[in-house]
Asker: 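A single structure is presented below for examination.
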2 protein chains.
Amino acid sequence: MSQIPLVRRSPVPPDTCNLAKAIDLIGDRWTLLILRAALYGVRRFDDFQSELGCPRTVLSGRLKKLVDAGLLTKKSYKAPGKRARPEYVLSAIGLSLRPILIGLTQWGDAWLGQGEAPPISFTRAGSKSAIRAAFVDVEGREVRPDQIRPVLRG
Amino acid sequence: MSQIPLVRRSPVPPDTCNLAKAIDLIGDRWTLLILRAALYGVRRFDDFQSELGCPRTVLSGRLKKLVDAGLLTKKSYKAPGKRARPEYVLSAIGLSLRPILIGLTQWGDAWLGQGEAPPISFTRAGSKSAIRAAFVDVEGREVRPDQIRPVLRG
DNA sequence: CTGGATAAGTTCGGTTTTTAAATCCAGCCT
DNA sequence: AGGCTGGATTTAAAAACCGAACTTATCCAG
């Protein structure tokens, strides 16, 4: 139960913090659900739409925003006998959100799952035991939460 | 450039997925910023308000939601010579979001920081080298992103 | 060549949320 | 008592959201 000491203000004001920028960009319901679907392999407008059940107008705007920000790349696919259509593929930037969304999935499994077995879990390739989100040092060794220290200014 | 294979639907529909539940709960701009501040040690209504600059009515509603969900605990503090007031302290559930928010901070540093040095970073206590969010197996050893495999049904 | 099917968006109203500002409220202080 | 202060609620305007219908462009069948 390591308490965080009381402060009146966070050490980094929200407008210079990159977390705040990230929240601005992807911190809304639909955008996160779009990224979730994209990480599972969804790429097409109508597939996103029927997966999310959101208004097409909202989807259209969000996809545009994600493409502008470079998380998604708009390419073109052509099913044989069909006309070419755009598809939205994750870029390296978007792909690098995967650990975060998996971490959030596991957080949800742990606290929001009402005791049910999680519908999806994650393992290392070729292994059966589950992996989890955590911190590691430069050598890839785990750092426990109470060992973490923030350092200001670079 | 490991491509994710195309699918028309994600393997776990959003309404049974705990990620979707998590997004429902904390996936909006203000809630995430509240949690950010709370993780830095902010606890009081007016401190949250002046930190975020959000409408008090929204803050009030969001705090209530987070308390109901068990991420925050409403306690009471009393400065000497002042009346008792509530403070909003992170519970174990809320605290366990820390890796995710730090991960998102670092994602923002990497992609949204425009080449500037990050204003805040994190180290292991007593060390100077940075830590980062990652995945570990049961033994606490890092699992690289391309080694991660989803497994359905528990 | 014409008509139908299909996927990707856009347009258009009406409804719900946000926002910002003013107001209320309770308790400790002098 | 009366002011002060930290929270919370009310209100009206602005913004975002929603669903359904509509547009556009291409391919295919007849």
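Bear in mind that the values here come from a model prediction, so they are computed numbers and not experimental data.
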Asker: Starting at atom CG of B/Leu52, determine the distance to atom P of D/dG7, rounded to an integer number of angstrom.
Answerer: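 Going from B/Leu52 (CG) to D/dG7 (P), I get 14 Å.
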Asker: Return the value, rounded to whole Å, for the distance between atom NZ of A/Lys64 and atom P of C/dA8.
Answerer: 14 Å
Asker: What integer distance in Å separates B/Leu72:CG from D/dG7:P?
Answerer: 14 Å
Asker: Hey, does the Lys NZ or Arg CZ of B/Arg132 hover above the aromatic six-ring of A/Phe135, less than 6.0 Å from the centre and inside 45° of the axis?
Answerer: no
Asker: Does A/Arg56 make a side-chain donor-acceptor contact with the base of C/dG9, cut-off 3.5 Å?
Answerer: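 Result: at least one qualifying N/O pair found.
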Asker: Which is more 5' along DNA chain D, the nucleotide nearest A/Ala84 or the one nearest B/Asp47? Just name the residue.
Answerer: B/Asp47
Asker: Look at the side chain of B/Arg83 against the base of C/dA26 and say whether a donor-acceptor pair falls under 3.5 Å; ignore hydrogens and angles.
Answerer: yes
Asker: Could you tell me whether a side-chain N or O of A/Ser91 sits under 3.5 Å from a main-chain N or O of A/Leu71, the two making a donor and an acceptor?
Answerer: yes
Asker: To the nearest angstrom, how far is A/Gln49 atom CD from C/dG9 atom P?
Answerer: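 That distance rounds to 12 Å.
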Asker: So, is A/Tyr88 near the phosphate of C/dG9, with a side-chain N or O under 4.0 Å from OP1 or OP2?
Answerer: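 Yes.
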Asker: Tell me the interatomic distance from A/Asp28, atom CG, to C/dT17, atom C1', rounded to whole angstroms.
Answerer: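 Rounding to the nearest Å, CG of A/Asp28 and C1' of C/dT17 are 14 Å apart.
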Asker: Has B/Lys82 got a side-chain N or O lying under 4.0 Å from the OP1 or OP2 atom of C/dT30?
Answerer: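 B/Lys82 to C/dT30 OP1/OP2: no side-chain N or O under 4.0 Å.
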Asker: Is it true that atom NZ of A/Lys78 has more than 12 heavy atoms of other residues, nucleotides or ligands lying nearer than 6.0 Å?
Answerer: yes
Asker: With respect to the side chain of A/Arg62, which nucleotide from D/dA8, C/dT11, D/dC17 is positioned closest?
Answerer: D/dC17
Asker: State whether a side-chain donor-acceptor pair under 3.5 Å links B/Ser76 with B/Arg85.
Answerer: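 There is no such pair between these side chains.
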Asker: Between C1' on D/dG7 and CD1 on B/Ile34, what's the gap in Å once rounded to a whole number?
Answerer: 14 Å
Asker: Does a side-chain N or O from A/Lys74 land closer than 4.0 Å to OP1 or OP2 of C/dA8, or not?
Answerer: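 It does not, given that no N or O in the side chain of A/Lys74 lies less than 4.0 Å from OP1 or OP2 of C/dA8.
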Asker: Check the distance between D/dT10's P and B/Leu59's CG and give it to me in whole angstrom.
Answerer: 17 Å
Asker: Within the 4.5 Å heavy-atom criterion, are A/Leu35 and A/Trp30 side-chain neighbours or not?
Answerer: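 No, side chains not in contact.
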Asker: Taking only side-chain nitrogens and oxygens of A/Lys78, does any of them come within less than 4.0 Å of OP1 or OP2 of C/dT6?
Answerer: no
Asker: If you look at every strand shown and take non-hydrogen atoms under 4.0 Å, does B/Tyr77 touch a base, only sugar-phosphate, or nothing?
Answerer: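 B/Tyr77: backbone/sugar contact only, no base atoms under 4.0 Å.
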Asker: Mind calculating the distance between CG (A/Asp46) and P (C/dT10) to the nearest angstrom?
Answerer: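 Rounded to whole Å, this separation is 13 Å.
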Asker: Side-chain N or O of B/Thr57 less than 4.0 angstrom from OP1 or OP2 on C/dA20?
Answerer: no
Asker: Look at the side-chain N and O atoms of B/Trp30 and state whether any lies under 4.0 Å from the OP1 or OP2 oxygen of C/dT17.
Answerer: no
Asker: For the side chain of A/Arg85, counting heavy atoms from C-beta on, which of C/dA8, C/dT18, D/dG7 is nearest?
Answerer: C/dA8
